[in-house]
Asks: 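Below is the structure I would like to discuss, written out as structure tokens.
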Amino acid sequence: MTTAYIEDIAKHEGQQVRLRGWLHNRRSSGKIHFLTVRDGSGFIQCVMSKQAVGEEMFKRADHLTQESAIIVEGTARADSRAPGGYEVDVTSLEIVSEAKDYPITPKEHGVDYLMDRRHLWIRSQRQQAILRVRHEVINGVRDFFNGRGFILADTPIFTPAACEGTTTLFPVQYFEDATAYLTQSGQLYNEANAMALGRVYSFGPTFRAEKSKTRRHLTEFWMVEPEMAYATLDDVMQLAEDLVVYVVGRALEHRKRELQALERDTSKLEKVQAPFPRISYDEAAEILRKKGLPFEWGGDFGAPDETALSEEFDRPICVHRYPSAVKAFYMKPDPDRPEVALGVDVLAPEGYGEIIGGGERLADYDLLLQRIKEHNLPQEAFEWYLDLRRYGTVAHGGFGMGIERVVSWICGLEHLREAIPYPRMLYRLYP
RNA sequence: UCCUCAGUAGCUCAAUGGCAGAGCAUCCGGCUGUUAACCGGAGGGUUGUAGGUUCGAGUCCUACCUGAGGAGCCA
């Protein structure tokens, strides 16, 4: 008897197989049971007739509860009526352990109820599909950078101070006397790593203590941040475009089934091809003005602005050259127009907003020092960062891409919280 | 922090100021092709908390608690 995974069932057509999993749902018709079994690799309907298994074994399945652990044996059979194309005709059923009163029933539940039971919710078909797409996105990101000569150089999670003075940090007690902060970006360290290794990326969790209460925010999220020495804004935009095209392509290629289960309109994703429109902040402001939105030059785009902009295009867009005043201190000003910075945001279509933010960094020692002072940042904390400008400074740049926002967009989710196994939000620390 | 909305059976929701209801889940019974199966029956309630108005409050008023959506901020 071969032990098989449901995802491989097609290879076992006509054979006797053993499936080890859990009962997802049961429908019964007197002398025939339909058991939907899941084993982590997929879902499949197992058909059990009284005639085939006998009175005693059939009766055992009468009261089999949702999520009970079971091992079924039977013959794999192609069936046009089955959603996955295959069914198993059961010859034997073993109950490994019974589940009592599983709280997530096959009917509707509210988000709060499900979030309190996130550890069980991830057993559902939909949540599994999302987490598989997430896995593909992460794998795609790693393959993309590894295949292009980038070195993974991780940046610290405990940091001594803010990278950018503006956002809120989570403080943690660091032994007796010191306070450390959870990282909100690996970027400054990435710059040092790029000067050592040329092309680098970091990939890890990031923490923001912003009291944001929207469907686009988590307090803990995963971010990939590439950084390149001898790179300009155009190189950064090119890299961002290549990455997004590659990752979306990977999801379409390897996770078609999951996207289908999520009822994602994949024709929209198929349009994600190079080149992405590159529009300046000025042009974006003009588009918003023409659409009648109350937008004034100098401010950052709000969520409705980003949605309005992305509506104009069928693929992600690169918006570049933002006013320096709204951007971080380490952004390089445009030599031709110092009031704008050489930064770029990539906005996803369909109203999903910013998935990437980055740009060319300030490489000049004097100007960087001036900016640190203007932002009232403690110079001594940035001495190591200034060293990068003292010893062989070169043009360089990179960006950060939020994994959950990309997963959310690719899956077509309503809310970021489903794009990570255990979301951390303003009012959510359990489970 | 601000604005808006919501809280009723285990879950999802209904109930004009006038008897507390339905579907699902659970339990009992029926059904050999079901796809959130279906059909019949049963059990299941301190209407978020505290006060107030009223002959009478799930419903109106006040405060608080909890959650959701949005703003700001950002990936």
Side-chain angles (χ1 to χ4, degrees), chain A residues 24-36 43-53 58 62-63 65-66 77 79-84 87 89 100-117 124-126 163-169 183-187 203-225 240 299-307 326-328 344-348 352-358 399-409 414-417 419-420 425-428:
Chain A
H24 181 67
N25 197 9
R26 178 176 57 88
R27 288 174 291 275
S28 179
S29 187
K31 293 186 180 120
I32 185 165
H33 290 310
F34 298 98
L35 310 174
T36 307
F43 293 75
I44 195 165
Q45 176 160 285
C46 299
V47 184
M48 185 189 225
S49 71
K50 193 184 269 189
Q51 199 181 5
V53 298
F58 189 82
D62 271 350
H63 294 277
T65 53
Q66 198 188 345
R77 171 175 50 77
D79 193 312
S80 58
R81 292 167 293 190
E87 288 188 345
D89 288 324
K100 281 199 187 107
D101 301 322
Y102 186 70
I104 301 177
T105 62
K107 282 278 177 176
E108 295 167 9
H109 298 283
V111 175
D112 192 45
Y113 181 87
L114 290 168
M115 270 300 168
D116 279 338
R117 292 156 186 81
S124 76
Q125 213 153 1
R126 176 182 162 82
C163 298
E164 317 168 31
T166 53
T167 21
T168 330
L169 296 163
T183 181
Q184 60 173 354
S185 166
Q187 122 119 59
F203 196 167
T206 303
F207 308 88
R208 304 255 167 112
E210 295 157 358
K211 294 202 169 177
S212 301
K213 248 186 78 63
T214 81
R215 63 183 79 195
R216 296 180 309 282
H217 288 89
L218 298 171
T219 55
E220 176 183 321
F221 64 97
W222 285 66
M223 185 156 69
V224 60
E225 296 177 278
D300 213 338
F301 300 120
D305 300 322
E306 287 185 352
T307 304
V326 299
K327 286 291 171 184
V344 58
D345 284 353
V346 177
L347 307 183
Y352 279 92
E354 186 179 349
I355 52 171
I356 282 177
F399 59 82
M401 181 170 87
I403 295 301
E404 289 76 16
R405 285 193 178 174
V406 171
V407 171
S408 187
W409 163 49
E414 288 285 312
H415 199 299
L416 215 51
R417 65 190 153 204
I420 186 168
M425 297 176 290
L426 184 50
Y427 298 118
R428 174 65 57 189

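The sequence lines fix the lettering, A, B, ..., with proteins before strands; numbering per chain opens at 1. Side chains included, hydrogens not; waters and symmetry mates left out as well; all remaining heavy atoms used.
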Asks: Who is the Watson-Crick or G-U wobble partner of B:A57, with both distances under 3.5 Å?
Replies: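 Pair assignment: B:A57 / none.
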
Asks: Give one of base, sugar-phosphate or nothing for A:Gly110, where a contact means two heavy atoms less than 4.0 Å apart.
Replies: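 A:Gly110: backbone/sugar contact only, no base atoms under 4.0 Å.
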
Asks: Can you tell me the Watson-Crick or wobble partner of B:A71, both distances under 3.5 angstrom?
Replies: B:U1

Asks: What does nucleotides 26-33 of chain B look like as a protein-contact string, B for base, S for sugar-phosphate only, - for none, at under 4.0 angstrom between heavy atoms?
Replies: --S--BBB

Asks: Could you check which of B:G70, B:C74, B:A75 has an atom nearest any side-chain atom of A:Met223?
Replies: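 Nearest to the side chain of A:Met223 among the choices is B:A75.
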
Asks: Could you tell me the Watson-Crick or G-U partner of B:U66, where both distances fall under 3.5 Å? Say none if there is no partner.
Replies: B:A6

Asks: Could you check A:His415, A:Arg417, A:Glu414 and say which one makes a side chain to side chain contact (heavy atoms under 4.5 Å, CB included) with A:Val111?
Replies: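 That would be A:Arg417; it is the only one of A:His415, A:Arg417, A:Glu414 passing the side chain to side chain contact (heavy atoms under 4.5 Å, CB included) with A:Val111.
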
Asks: Base, sugar-phosphate, or nothing: which does A:Asp345 touch, judged by heavy atoms less than 4.0 Å apart?
Replies: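 Result for A:Asp345 = nothing.
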
Asks: What pair of heavy atoms forms the shortest contact from A:Trp409 to A:Ala348, and how long is it?
Replies: CD2-CB, 3.8 Å

Asks: Heavy atoms under 4.0 Å, any strand shown: does A:Ile356 hit a base, just sugar-phosphate, or nothing?
Replies: sugar-phosphate

Asks: Searching all strands shown, indicate the nucleotide that pairs with B:G45 (Watson-Crick or G-U wobble; both distances under 3.5 Å).
Replies: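 Looking at the geometry, B:G45 pairs with no nucleotide.
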
Asks: Answer with base, sugar-phosphate or nothing: what part of the nucleic acid does A:His217 contact at a heavy-atom distance below 4.0 Å?
Replies: base

Asks: Assuming nearest nucleotide by heavy-atom distance, tell me which of A:Thr105 and A:Arg216 is located more 5' along RNA chain B.
Replies: A:Thr105

Asks: Looking at A:Asp112 and A:Arg117, is there a salt bridge between them, counting it only when a charged N and a carboxylate O are closer than 4.0 Å?
Replies: no

Asks: Please determine if a side-chain N or O atom of A:His415 lies less than 4.0 Å away from the OP1 or OP2 oxygen of B:G69.
Replies: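 Checking A:His415 against B:G69: at least one side-chain N or O falls below 4.0 Å of OP1 or OP2.
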
Asks: Which nucleotide in the set B:C73, B:U34, B:G69 lies at the smallest distance from any side-chain heavy atom of A:Arg215?
Replies: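 Of the candidates, B:G69 comes closest.
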
Asks: Write down the partner of B:G21 under the Watson-Crick or G-U wobble criteria, each distance required to be under 3.5 Å.
Replies: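 Partner of B:G21: B:C13.
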
Asks: Between B:G69, B:A75, B:C73, which nucleotide has the shortest distance from any of its atoms to the side chain of A:Arg417?
Replies: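 Taking heavy atoms from C-beta onward, the closest nucleotide is B:G69.
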
Asks: If we only count heavy atoms from C-beta on, is the A:Arg216 to A:Arg405 side-chain gap below 4.5 Å?
Replies: yes

Asks: Would you classify A:Pro304 as touching base, sugar-phosphate or nothing, given that sugar-phosphate means primed atoms plus P, OP1 and OP2, and contacts are heavy atoms under 4.0 Å?
Replies: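 Sugar-phosphate, no base atom in range.
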
Asks: Got a salt bridge between A:Lys50 and A:Asp62, using NZ or NE/NH1/NH2 to carboxylate O under 4.0 Å?
Replies: no

